[in-house]
Amino acid sequence: MRHNPVSVAFVSIATLKGHAGRKVDLRGWVFTKRASKKILFIELRDGAGIVQTVTARETVGDEHFTEWASLPQESSIEVSGVVREEPRAKGGVEIDVQEIRPISRPTAEYPINKPDHSPDFLLERRHLWLRSKKQWAVLRVRDTVFHEIHAFFRKEGFLHVSAPILTPAACEGTSTLFGMDYFDQGKAYLTQSGQLYMEAAAMAHGRVYCFGPTFRAEKSKTRRHLTEFWMAEPEAAFYELDDVMALAEGLLCHVVARVLAQRRDELAILERDTAPLEKIQPPFPRISYTEAHALAEKAGEPFPFGDDLGAPQETAISKQFDRPVMIHRYPTGVKAFYMKQDPQDPRFVLCVDVIAPEGVGEIIGGSQREDDLAALEKRIAEHKLPKEAFEWYFDLRRFGSVAHGGFGLGLERTVAWICGREHVRETIPFPRMLYRIYP
RNA sequence: UCCUCGGUAGCUCAACGGUAGAGCAACCGGCUGUUAACCGGUUGGCUGCAGGUUCGAGUCCUGCCCGAGGAGCCA
């Protein structure tokens with residue numbers, strides 16, 4: 001069935017408008033098909049876009065017409081035809097087919113054929129689900145978010161530094177880690193944060209960030225959790241909490257603006273209302289934990305003062321704003337050991353959580369770090385963490401300690417928010433979750 | 001780990017304790033500038049697994065398996 005390739009320049013569907021009136025060669029997959037006696041419509045998908053092809057029986061003859069009309073969904077094909085401007089078509093152009101050359105016919109019925117499948121069915125076939133329109137759009141937005149996070153940090157003078165994936169011990173000592181045997185040196189773990197290593201790198205380069213996969217072995221079963229997800233973690237020397245908040249605000253505004261500029265079509269495919277995204281402009285509201293506590297109470301979601309905010313509280317608070325909310329200065333007891341105590345009030349630490357609007361929840365967690373050696377050693381002891389493992393980390397305070405801080409941004413939650421997706425599992429190509437590691 | 005809900009045709013779901021059904025998909029035919037096309041027909045089942053109650057279980061009971069949502073934890 002494989003034909004002899006001739007020296008033909010294949011055209012991308014994304015650039016078809018510039019070829020109006022000309023004959024082109026395309027290649028891709030049969031996305032949808034509607035056939036009748038005289039006319040055949042095949043939507044061709046080539047990865048860059050989708051275009052409807054039109055085949056007339058009287059033009060191509062009975063034999064060809066019958067053969068091409070029988071091509072099942074997801075057959076791979078080459079198409080030769082003339083580009084015609086067509087106001088009735090979705091993309092403004094169509095292809096008048098002269099020839100279709102099948103490359104490979106499916107050997108079984110394509111399983112994803114109607115938009116009424118359950119999440120479990122689709123996740124089991126994630127390798128095929130990626131081809132469908134909305135999933136295609138989500139990954140393109142994700143690509144832009146990924147790229148623009150890098151672009152923003154470079155613009156702000158941050159150097160990319162890769163953090164290790166394998167680590168000797170818990171970074172934060174809170175979450176459960178994926179462990180493995182590491183030769184004769186005992187256990188190693190998949191990283192849950194590159195932050196501590198970024199603190200070291202910040203003392204070498206001033207402003208740094210890492211952006212890589214992160215692993216949490218927690219048995220979380222919610223639409224906001226994955227066991228493997230991607231996190232961007234900037235860290236900067238001489239940064240105080242206000243600087244950390246300004247950086248987070250700048251990053252989110254930059255990313256949203258770039259997605260709006262570059263991914264209009266994809267957001268339309270996702271039926272995402274872009275009006276809320278247009279509002280993502282500085283300044284974001286900044287409220288203290290104490291203010292958040294009062295706000296939650298007023299919104300009918302009270303919780304004990306001193307406790308961490310739960311998902312219902314976060315949702316209730318974020319509903320009262322039209323842009324991300326920064327909640328800062330949480331009680332010491334509910335936050336990680338490395339966060340610096342507030343000199344104004346030692347009951348609190350200099351941290352910030354950024355809650356995305358529209359119910360997605362926390363997308364950023366950050367803080368100013370404890371830069372005083374004695375205070376840090378005390379916190380390590382309070383959290384019952386093994387002091388020996390942190391000797392290198394103490395060195396950062398022994399040799400020229402300075403104020404510094406940073407945050408972690410969850411890529412999938414950010415993409416879920418921007419794309420208006422219910423669940424983070426749709427925002428990563430192959431999600432790893434509590435009960436799923438296939439495909 | 002806990003709470004709630006679910007598992008029936010390839011898919012999405014119905015079915016009072018009394019002969020397992022519809023829509024979609026697939027296949028065949030018809031028709032149409034179609035676009036979640038439409039119309040007619042055909043095919044399609046160990047009702048998650050194991051036991052129990054009953055004249056009779058998809059339905060009731062017990063245990064297990066699998067999944068979804070939420071809680072906790074976090075990004």
Side-chain angles (χ1 to χ4, degrees), chain A residues 31-44 50-57 69-70 72-73 84 86-91 94 96 106 108-125 132-133 171-177 191-195 211-233 248 307-315 330 334-336 351-356 360-366 407-417 422-425 427-428 433-436 438:
Chain A
F31 192 62
T32 65
K33 190 182 69 182
R34 287 169 292 280
S36 69
K37 194 156 217 161
K38 298 179 198 160
I39 191 163
L40 163 68
F41 299 99
I42 290 177
E43 279 187 297
L44 180 73
I50 293 170
V51 69
Q52 177 162 278
T53 68
V54 186
T55 306
R57 184 186 284 268
S70 76
Q73 186 182 1
R84 176 171 40 76
E86 172 55 73
R88 284 174 291 185
K90 279 170 187 166
E94 282 183 349
D96 284 325
E109 181 188 339
Y110 191 68
I112 302 175
N113 42 33
K114 279 285 162 186
D116 66 344
H117 297 297
S118 62
D120 186 48
F121 180 87
L122 292 167
L123 286 168
E124 195 69 16
R125 294 156 184 80
S132 64
K133 227 177 215 176
C171 292
E172 304 183 13
T174 50
S175 322
T176 319
L177 300 168
T191 183
Q192 61 174 335
S193 166
Q195 179 205 315
F211 194 178
T214 301
F215 308 88
R216 303 276 165 93
E218 281 153 0
K219 300 200 168 177
S220 301
K221 270 189 59 141
T222 82
R223 72 184 76 177
R224 301 181 304 280
H225 286 90
L226 298 165
T227 55
E228 176 184 312
F229 63 98
W230 284 65
M231 190 157 66
E233 295 177 279
D307 281 13
D308 204 354
L309 279 73
Q313 285 81 36
E314 288 181 352
T315 305
Y330 281 63
V334 301
K335 287 294 179 181
C351 68
V352 58
D353 282 0
V354 181
I355 314 299
V360 173
E362 183 183 349
I363 54 173
I364 286 179
F407 61 79
L409 170 129
L411 177 63
E412 287 75 18
R413 287 185 184 178
T414 303
V415 174
W417 163 51
E422 272 291 290
H423 204 300
V424 290
R425 65 191 164 202
T427 66
I428 188 166
M433 296 179 292
L434 180 53
Y435 294 123
R436 178 170 299 283
Y438 176 90

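Letters go in sequence order (proteins before strands), and every chain restarts at 1.
Evaluation of atom-type donor-acceptor distances gives no pair under 3.5 Å for the side chain of A:R436 against the base of B:C66. Put simply, the side chain of A:K221 and the base of B:A71 share no donor and acceptor less than 3.5 Å apart. At a cut-off of 3.5 angstrom, the base of B:G72 holds at least one donor-acceptor pair with the side chain of A:S220. One donor-acceptor pair, N or O on each side, does fall under 3.5 Å between the base of B:G33 and the side chain of A:R84. Applying the 3.5 Å distance criterion, the base of B:C11 shares no donor-acceptor pair with the side chain of A:H117.
Across all strands shown, B:U62 forms a Watson-Crick or G-U wobble pair, both distances under 3.5 Å, with B:A50. Pair check for B:C38 finds B:G30; Watson-Crick or G-U wobble, both atom distances under 3.5 Å. Base pairing analysis places B:U12 opposite B:A22; the two distances defining the Watson-Crick or G-U wobble pair are each below 3.5 Å. Figure legend. B:C2 is base-paired to B:G70; pairs are counted as Watson-Crick or G-U wobble with both atom distances under 3.5 Å.
At a threshold of 4.0 angstrom between heavy atoms, the contacts of A:R223 are confined to the sugar-phosphate backbone, with no base atom among them. Residue-level contact check: A:R425 touches the backbone only, with heavy atoms under 4.0 Å from sugar-phosphate atoms and none from bases. A:L409 comes within 4.0 angstrom of no nucleic acid atom, judged by non-hydrogen atoms across all strands. Backbone-only engagement by A:F121 is indicated by non-hydrogen atom pairs under 4.0 Å involving sugar-phosphate atoms exclusively. A:I364 comes within contact range of the sugar-phosphate backbone alone, with a heavy-atom separation under 4.0 Å but no base atom that close. Counting non-hydrogen atoms under 4.0 angstrom, A:S118 reaches the backbone sugars and phosphates but no base. Nucleic acid contact for A:A311: sugar-phosphate only, since backbone atoms but no base atoms lie under 4.0 Å from a heavy atom of the residue.
If you take atom C1' in B:A75 and the same atom in B:G23, they sit 41 Å apart, rounded to whole Å. For B:C2 and B:U54, the P atoms lie 33 Å apart once the distance is rounded to whole Å. Distance check on atom P: B:C28 versus B:U62 gives 49 Å, rounded to whole Å. The same atom, P, is picked in B:A22 and in B:G45; the two are 14 Å apart, to the nearest Å.
The phosphate of B:C74 has neither OP1 nor OP2 within less than 4.0 Å of any side-chain N or O from A:R216. The shortest distance between the side-chain N/O atoms of A:K219 and the OP1/OP2 oxygens of B:U1 is below 4.0 Å. Contact between the side-chain N/O atoms of A:T32 and the OP1/OP2 oxygens of B:U35 is not found at any separation under 4.0 Å.
Nearer the 5' end of RNA chain B, as judged by each residue's closest nucleotide, is the contact made by A:E109, out of A:E109 and A:M433. Where A:Q73 and A:D353 meet RNA chain B, the nucleotide closest to each residue was compared, and A:Q73 sits on the side nearer the 5' end.
Both the sub-6.0 Å distance and the 45° axial angle are satisfied by A:R125 relative to the ring of A:F121.
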